[in-house]
2 protein chains.
Amino acid sequence: MEDQLQLLRQHFEEIVSLTDEEWNFVQSHFEFKSLKKHQFLIQLGQPVDFEYWIIKGLVKAYSIDEKGKEHILQFAMENYWVSDHYAFQHQEPGTIFVDCLEDSEFFCLSLENREKICFEVPAVANFFRIKSNHGYINLQQRILSLLTMTAESRYEYLLNKLPKLIQRVPKKLIASYLGVSRETLSRFNS
Amino acid sequence: MEDQLQLLRQHFEEIVSLTDEEWNFVQSHFEFKSLKKHQFLIQLGQPVDFEYWIIKGLVKAYSIDEKGKEHILQFAMENYWVSDHYAFQHQEPGTIFVDCLEDSEFFCLSLENREKICFEVPAVANFFRIKSNHGYINLQQRILSLLTMTAESRYEYLLNKLPKLIQRVPKKLIASYLGVSRETLSRFNS
DNA sequence: AGTTAAAAGTGACCTAAATCACTTTTCAAT
DNA sequence: ATTGAAAAGTGATTTAGGTCACTTTTAACT
């Protein structure tokens, strides 16, 4: 556990500096969680008590439409944060599913604890500010790609941007992330 | 000018509390800017020195594809923040255009000043953290809507969510925001 | 190792929405 | 008020990608 906490500290310190004292305070607000492949981190309609930092593993966040079709909002792996941010922030029942594509481990942060460490340790507020800003920028890019690019070039772009992800994830899920049918993706390129 | 700064203070204080002293420090890091309809706030390839809080007016942020087609990333009006966040954050040349759909006024915050007030005044770091988080959540919603909904239901959804916006913006721009052609949008609904 | 299930590929056909071309309406600027 | 330019509407046609049905390949789990 010490090792994993060390990883989390490094993750913070890539962006802000923390004293040992601050870090001790911060780390005490996280809980550990471990799940096997196919288990759910978040389910539609269920409370969303945490946001999760992924120590190891891989998850998908998705919603299911009326026709039962899955639409992938996000893949998240080591070093990523994941949650149903909307439900978490508003403390409402889950609006999406998050489940594990591989056995995974998480550090869990409750809303109360997040606000506590942010208001207690300014560096942490800045950490989440900057992270959140990066996330925002990434989503803007993705929106632009959905508006401006064809399905095929979105695929090429993703292959280029996250080649390791593609190897860990079935193509039908990549298709669902790109907003294309499995069959159409299969007819692309290479 | 005092009036407008008061509005900005209120905007901060909707989320965090600031002492008069803190506020005086914070406000001194903003510059005022005023533009007429059709003028550019940000242009492709030009430096992006600021992010902007809109005092009054309305702008569109968009990119133009190879075929010269415009794709709208964001509309922003009173009380909204707008920039080319990617270029601003990385201090690189603009990747998009932002121009005014109406005469508009802005408070401008440079990256240096933003970081300064965030690290000097923790409440400000928390303000931007929370704002950024809300922005992230909104973009996730928009991505889901692009993945799961038909063009027509995205339109209905927007009509419902931002009715006043639709009245201030030509439909062809709404179409471009929704990722639908002008002609197709025109054939919808009502 | 053998069995079962999931993933991926592929052809035939269908459909939502794009594109093109033109008209009508609305708005903005003298 | 008049003129010119955007904006909006509409028909005809095209197209990217979806859907359905089936086969082949790969991987997961006793």
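Lettering of chains follows the sequences in order, A, B, ..., and the numbering in each one begins at 1.
One can place CD of A:Q167 at 13 Å from P of C:dA8, the figure rounded to the nearest angstrom. Residue B:I166 contributes atom CD1, which lies 12 Å from atom P of D:dA8 at whole-angstrom precision. The interatomic distance linking B:E70 (CD) with D:dA6 (C1') rounds to 13 Å, in whole Å. Rounded to an integer number of Å, the gap from A:K172 NZ to D:dT24 C1' is 17 Å. The distance from atom CG of A:L173 to atom P of C:dA6 is 13 Å, rounded to the nearest whole Å. For the pair A:L101 CG and D:dA27 C1', the computed distance is 15 Å after rounding to whole Å.
The environment of A:Y80 atom OH is sparse: at most 12 non-hydrogen atoms of other residues, nucleotides or ligands sit within 6.0 angstrom.
If you take OH on B:Y86 and CG on A:L144, they are separated by 12.5 Å, rounding to the nearest 0.5 Å.
A distance of 6.0 Å or more separates the ring centres of B:Y136 and A:Y136. When ring centroids are compared, A:W53 and A:F12 stay outside the 6.0 Å threshold.
No side-chain donor-acceptor contact under 3.5 Å links A:E105 to the backbone of A:I54. B:N113 places a side-chain N or O within 3.5 Å of a backbone atom of B:H29 that can act as its donor or acceptor partner.
Between A:K171 and C:dA7 there is no side-chain polar atom (N or O) within less than 4.0 angstrom of OP1 or OP2.
Computed from C1' positions of five pairs at each end, the angle between the two local axes of the helix from C:dA1-D:dT30 to C:dT30-D:dA1 equals 70°, rounded to 10 degrees.
Between B:E2 and B:R9 there is no salt bridge, since none of the side-chain N atoms of the basic residue sits less than 4.0 Å from a carboxylate O of the acidic one.
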Distance-only check: which donor-acceptor pairs under 3.5 Å involve side-chain atoms of residues 33-51 of chain B, not counting sequence neighbours?
unit_1: B:Q39; atom_1: OE1; unit_2: B:K36; atom_2: N; d: 2.6
unit_1: B:E51; atom_1: OE2; unit_2: B:R114; atom_2: NH1; d: 3.4

Which letter, B, S or -, goes with each nucleotide of nucleotides 15-29 of chain C from 5' to 3', with contact meaning a protein heavy atom under 4.0 Å?
--SBBB---------
